[in-house]
Each structure stands twice: as C-alpha cells, then as structure tokens.
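A short worksheet on the structure shown next.
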Amino acid sequence: MNRHTAREKAFQAIFQMDINEMTAEEAIQNVTEDEPVHDTFLNQLVIGVVDNRDAIDQKISDHLEKWSFERIASVEKTLLRLATYELTYEEEIPEKVTLNEAIELAKAFGDDKSGSFINGVLKKMLK
C-alpha cells in the first residue's frame, strides 16, 4: 500500500473510531478487510493519533482563530488530527508532503471549504 492510500485508510479508521467508538485494531480491520496486507505506516498513523490524541487536540485548539475545537466538523477534525500527528511525530516526512496530502484528503472527503480550512490551520501551526 502506498503512503497516500495508507493516509486515506488511516483517515477512514480514525473517523470510524470517533463515530462508532471502536478500537484502533477494529477500525483498521474494517477499512482494510479486502487487503490482507499488514501496513506499518497505516498502523503507525492510526495508533499514533490514538496514543497522542489529547496533545494533538490541544495543539489544534491552540492554532484556531475565531473558532472552537468543538465546532469543527468530524471530517475536518479527523484530517487535522492525522496531519498534526504527522507534523509533530513523523519528522522524516516533509511538512509540505503532509500539508498537500491533508488538503487532497479534505477535497476528497470534505466539502468545498474543507481544503482551505485545513490549509489555514496547518499553515498557522507551521509558523
């Protein structure tokens, strides 16, 4: 599985965990049931977000302007968590790659304004 696909699957797993209150293992299994391969990067992303969720949520909250964390829609919140995890804990991944991937996922799963919202919060985080 390439990294873009792993990020997409990680997004889906993290989103499912928030909506359905399932474990990381159940969510990963749910999004990869047709693919018997064990993907290290996918697992790393999902488990990393789960293990660091409080710190990630606080970092996102600290970079919101005129917006509260509770008001962020589930899709955008999940994308921000995933990208914030990468930016904070995955130092070998270039920031530009993480930013571009988050925006692409926002375009695929969010609404017309999701990409610009994600971009704005993450760019503020990078300053």
Side-chain angles (χ1 to χ4, degrees):
M1 173 180 314
N2 66 39
R3 284 191 166 206
H4 176 77
T5 302
R7 284 183 183 93
E8 187 174 288
K9 298 287 186 188
F11 162 78
Q12 293 169 339
I14 295 164
F15 185 84
Q16 284 183 16
M17 289 169 40
D18 283 347
I19 303 300
N20 299 318
E21 296 185 20
M22 53 179 48
T23 67
E25 293 77 20
E26 291 170 328
I28 291 168
Q29 179 63 38
N30 203 23
V31 299
T32 60
E33 66 183 43
D34 294 337
E35 301 169 31
V37 240
H38 171 78
D39 188 84
T40 304
F41 187 59
L42 167 61
N43 287 308
Q44 189 175 317
L45 292 173
V46 175
I47 301 300
V49 169
V50 170
D51 287 350
N52 298 288
R53 186 171 168 164
D54 290 340
I56 290 168
D57 288 357
Q58 185 59 54
K59 189 166 188 169
I60 294 167
S61 293
D62 291 346
H63 293 90
L64 295 174
E65 277 186 26
K66 300 177 187 174
W67 205 265
S68 69
F69 185 78
E70 294 75 26
R71 285 187 58 207
I72 302 174
S74 295
V75 168
E76 287 81 5
K77 193 178 289 187
T78 302
L79 289 168
L80 284 169
R81 284 176 173 153
L82 185 58
T84 301
Y85 168 77
E86 271 194 48
L87 291 171
T88 307
Y89 301 98
E90 296 293 328
E91 296 175 2
E92 79 281 355
I93 300 171
E95 292 173 347
K96 185 175 180 177
V97 171
T98 298
L99 191 63
N100 287 338
E101 288 285 341
I103 293 167
E104 288 304 312
L105 289 172
K107 289 177 185 176
F109 293 101
D111 63 23
D112 292 343
K113 297 179 182 179
S114 296
S116 59
F117 177 73
I118 298 294
N119 185 40
V121 174
L122 294 177
K123 281 197 172 188
K124 186 168 187 216
M125 200 177 287
L126 291 173
K127 288 184 179 179

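What you see below is based on every heavy atom in this structure, not just the backbone, and it leaves out hydrogens, waters and symmetry mates. Because the structure is predicted, anything quoted here is derived from the model rather than measured. Positions are given from 1 along the sequence.
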Linked, directly or transitively: Ile47 and Leu79 (ILVMFWY side chains, under 4.5 Å): no

Donor-acceptor contact below 3.5 Å, side chain Asn52 vs main chain Gly48: yes

By side chain to side chain donor-acceptor pair (under 3.5 Å), which residues pair with Thr40, not counting sequence neighbours? none

Kindly write out the residues that satisfy ring-ring contact (aromatic ring centres under 6.0 Å, His included) with Phe69, not counting sequence neighbours, or none if the list is empty. none

Name the residue from Asp57, Ile56, Ile72 that meets the side-chain contact (heavy atoms from CB on, under 4.5 Å) definition with Leu80. Ile72

Return all side-chain donor-acceptor pairs below 3.5 angstrom for residues 10-20, not counting sequence neighbours, or 'none' if the list is empty.
unit_1: Gln16; atom_1: OE1; unit_2: Asn30; atom_2: ND2; d: 2.6
unit_1: Asp18; atom_1: OD1; unit_2: Arg53; atom_2: NH1; d: 2.9
unit_1: Asp18; atom_1: OD1; unit_2: Arg53; atom_2: NH2; d: 3.4
unit_1: Asp18; atom_1: OD2; unit_2: Arg81; atom_2: NH1; d: 2.8

With the side chain counted from C-beta on, respond yes when Leu87 and Leu122 share a heavy-atom pair under 4.5 Å apart, and no when they do not. yes

Got Asp62 and Met125 here, is their nearest side-chain heavy-atom distance under 4.5 Å? no

Apply side chain to side chain donor-acceptor pair (under 3.5 Å) to Ser74 and list each qualifying residue two or more places apart in sequence or on a separate chain. none

Rounded to the nearest 0.5 Å, the CD atom of Gln58 sits from the NE2 atom of His63 at a distance of 10.5 Å

Lys77: side chain to side chain donor-acceptor pair (under 3.5 Å) partners, not counting sequence neighbours: none

Passes side-chain contact (heavy atoms from CB on, under 4.5 Å), Tyr85 versus Gln44? Steps please. CA-CA 10 Å; Tyr85 168 77; Gln44 189 175 317; 4.0 Å; yes

For the CG atom on Asp112, are there more than 12 heavy atoms of other groups (residues, nucleotides or ligands in this structure) within a distance under 6.0 Å? no

Tell me, please, which residues at least two apart from Asp54 pass side-chain contact (heavy atoms from CB on, under 4.5 Å). none

Minimum heavy-atom separation for Glu76 to Ile118, with atom names? O-CD1, 3.6 Å

Please report the interatomic distance NZ(Lys9) to CZ(Phe41), rounded to the nearest 0.5 Å. 15.0 Å

Exercise answer: donor-acceptor pairs, residues 96-108 side-chain atoms, under 3.5 Å, sequence neighbours excluded:
unit_1: Thr98; atom_1: OG1; unit_2: Glu86; atom_2: OE1; d: 2.8
unit_1: Asn100; atom_1: ND2; unit_2: Lys96; atom_2: O; d: 3.3
unit_1: Glu101; atom_1: OE1; unit_2: His4; atom_2: ND1; d: 2.5

With sequence neighbours left out, what residues match Asp111 under salt bridge (Lys or Arg N to Asp or Glu O under 4.0 Å)? none

Search all heavy atoms of Leu42 against all heavy atoms of Ala6 and return the closest pair with its distance. CD1-O, 3.5 Å

So salt bridge (Lys or Arg N to Asp or Glu O under 4.0 Å) across residues 115-126, not counting sequence neighbours, yields Glu65-Lys124

Between atom CG of Asn43 and atom CD1 of Ile28, what is the distance when rounded to the nearest 0.5 Å? 4.0 Å

Separation of Phe117 CZ from Leu64 CG (nearest 0.5 Å): 5.5 Å

Can you sort out the partners of Arg3 under side chain to side chain donor-acceptor pair (under 3.5 Å), two or more places apart, ordered by chain and number? none

Nearest-0.5 Å distance that lies between atom CE in Met22 and atom CD in Gln29: 10.5 Å

